[in-house]
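Below you'll find the structure, written out as structure tokens, and then a few comments.
Whatever order the structure lists them in is the order used to number ligands and atoms, beginning at 1.
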Amino acid sequence: MNNKFYITTPIYYPSGRFHIGTAYTTVLADSIKRYHNLKEEDTYLLTGTDEHGQKIQEKAKELGETPKEYVDKMATMAKELWAKMDIQYNDFIQTTEERHEKIVQKIFDRFMEQGDIYKGEYEGWYCVPCETYFTQTQLIDGKCPDCGREVKLMKEESYFFNMKKYANRLLEYYNEHPNFIKPAFRKNEMINNFIKPGLEDLCVTRTSFDWGIKVLKDPKHVIYVWVDALSNYLTALGYLSEDETLFKKYWPADLQIVGKDIARFHLIYWPIFLMALDLPLPKTILVHNWIMMKDGKMSKSKGNVIYPETLIERYGLDATRYFLLREVPVMQDGFFSPEAFIERYNFDLCNDLSNLLNRTVSMVNKYFEGKVPNYNGKQNQVDEEFEKFTIDQIEKFEKKVEDYEIANALQEIWTIISRTNKYIDETMPWLLAKEENKEKLESCMYHLIESLRKIAILIKPFMNDTAENIFRQIGIKQEKLKGWKLLKQYDKLEDIYVIQKGEPIFMRLNAEEEIDFIKSAMKS
Ligand code: MSP
């Protein structure tokens with residue numbers, strides 16, 4: 001088994017408040033990290049902000065701030081949001097930090113010395129907000145194919161990275177490493193759309209603005225955003241610095257998560273830069289789809305933006321994280337709607353999970369004065385099937401998380417929750433009590449508490465506070481009973497007392513009122 005896990009999110013453009021879509025990548029990364037923590041691996045999560053480029057320079061000017069003042073303010077804002085979302089990052093890198101800039105210059109120098117970079121002239125259709133040049137054929141109705149805004153024809157002296165030189169090596173790498181790109185269809189997209197038609201060399205410097213890292217040997221050029229931005233995954237670990245301890249320990253990354261819009265940069269340019277540096281490639285790059293609104297992309301002008309803080313303040317962090325992770329199936333876009341959010345809350349969290357906990361705690365109080373009976377084996381076929389089913393589900397869950405299908409992994413947990421609710425209907429503890437069938441009643445209560453313990457362990461990476469709340473209510477205090485090692489065991493609970501009066505962890509919401517609330521928050 002792997003004993004370290006280095007995971008990265010993209011570094012964010014500090015261009016405004018983060019909406020739930022932007023928060024998605026980071027919540028996903030944090031949850032996967034926490035899963036590996038649960039398995040007692042040594043994890044390291046990197047995130048940060050991508051702070052150079054014309055767009056940022058212009059934005060700062062508009063606000064009457066220096067670019068550095070502006071990006072620092074935005075990085076603080078990002079950190080505040082991550083604190084609210086309980087993101088356990090180990091490092092937050094800003095690309096304007098010296099530790100990053102100095103190393104990017106070294107990397108660029110090395111590319112120049114090796115002849116990977118050459119000087120030329122670039123002409124193309126440039127989209128300022130996206131900081132991307134497009135060819136004529138890539139434009140849609142003469143506008144930027146990514147954001148639909150106006151593009152300008154620009155020409156400038158530039159340095160180019162010779163991508164063509166690495167195209168075959170990249171293809172070979174793709175073929176020999178089936179886990180390198182997930183989901184696999186993204187690999188075909190890269191091959192068919194970009195590599196087969198002939199990889200174009202990438203323009204890697206600019207002279208038209210100066211908010212960037214200067215090329216040491218030709219300082220009128222600043223390093224264009226992707227060599228700068230992508231290198232953060234290495235510079236944060238101290239690559240080429242005086243202290244490479246972290247780099248030696250954690251590189252290559254185990255998982256790099258990116259949204260679909262930046263797939264090309266991570267699946268083509270990034271591995272090529274790493275090849276040019278003679279470095280091993282990340283084990284997996286996971287490309288996720290987007291959270292969309294019914295009327296398309298989230299945008300302020302459409303009045304359909306939803307911010308994580310709005311949901312967290314009213315419904316709690318765990319409900320917010322649950323929704324994001326459950327609704328975006330990674331391989332397809334997911335949709336946010338106030339109706340879907342409230343439905344998930346009322347059905348999955350309140351009806352299924354919270355009620356199960358409540359019923360169980362009150363039955364243990366009623367029939368055994370709060371003391372969970374010890375395990376007395378499987379009393380009948382129902383118990384036997386229930387145990388087997390739960391263990392099979394845990395294995396399915398594990399497989400889904402390890403394939404990074406988080407929405408499906410959550411679905412597997414909810415299958416256990418439904419099965420546990422069904423177990424109550426099948427065993428009918430109220431009848432067992434009436435019949436004074438003590439052994440079966442003991443077994444029934446034990447199995448319910450045990451199932452809730454397992455559910456709490458499984459949801460911990462995604463909804464930490466909810467998991468802790470379940471442990472507290474069912475009287476699980478020892479850390480080892482909350483961990484992965486004893487997850488599949490059935491006979492480890494002894495001297496356990498549930499709390500005297502269960503408290504609902506999620507209360508049913510008035511759907512109409514809450515839908516109105518979210519709708520009006522989206523407009524403000
Ligand atoms: N700065 C670059 C990344 C450089 S990485 C070396 C960037 N930043 S970003 O702020 O624009 O986007 C950050 C991440 O948020 C990307 O992975 C992007 O796909 C993701 N998302 C932005 N909107 C999103 C949704 N609506 N839904 C899900 N993810 C979304 O790109």
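Qualifying side-chain hydrogen bond (donor to acceptor under 3.5 Å, both in side chains) partners for Glu80, counting only residues two or more places apart in sequence or in other chains: none. Partners of Asp42 under the side-chain hydrogen bond (donor to acceptor under 3.5 Å, both in side chains) rule, at least two apart in sequence or in another chain, are Lys249, Tyr250.
Residue pairs meeting the ring-ring contact (aromatic ring centres under 6.0 Å, His included) criterion with at least one member in residues 186-220, sequence neighbours excluded, are His52-Trp211.
Taking the six-membered ring for Trp, Trp82 and Phe18 have ring centres closer than 6.0 Å.
Side chain to side chain, Asp72 and Gln94 meet the donor-acceptor criterion of an N or O pair below 3.5 Å. A donor and an acceptor atom, one from each side chain of Glu51 and Thr49, are located under 3.5 Å apart.
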What are the polar N/O contacts of ligand 1 with the protein below 3.5 Å, with distances?
from     : atom 1 : to     : atom 2 : distance (Å)
ligand 1 : 1 (N)  : Ile11  : O      : 2.8
ligand 1 : 1 (N)  : Asp50  : OD2    : 2.7
ligand 1 : 10 (O) : Tyr13  : N      : 3.0
ligand 1 : 17 (O) : Gly259 : N      : 2.9
ligand 1 : 19 (O) : Asp261 : OD1    : 2.5
ligand 1 : 19 (O) : Trp290 : NE1    : 3.1
ligand 1 : 26 (N) : Ile291 : O      : 3.0
ligand 1 : 27 (N) : Ile291 : N      : 2.9
ligand 1 : 29 (N) : Gly21  : O      : 3.0

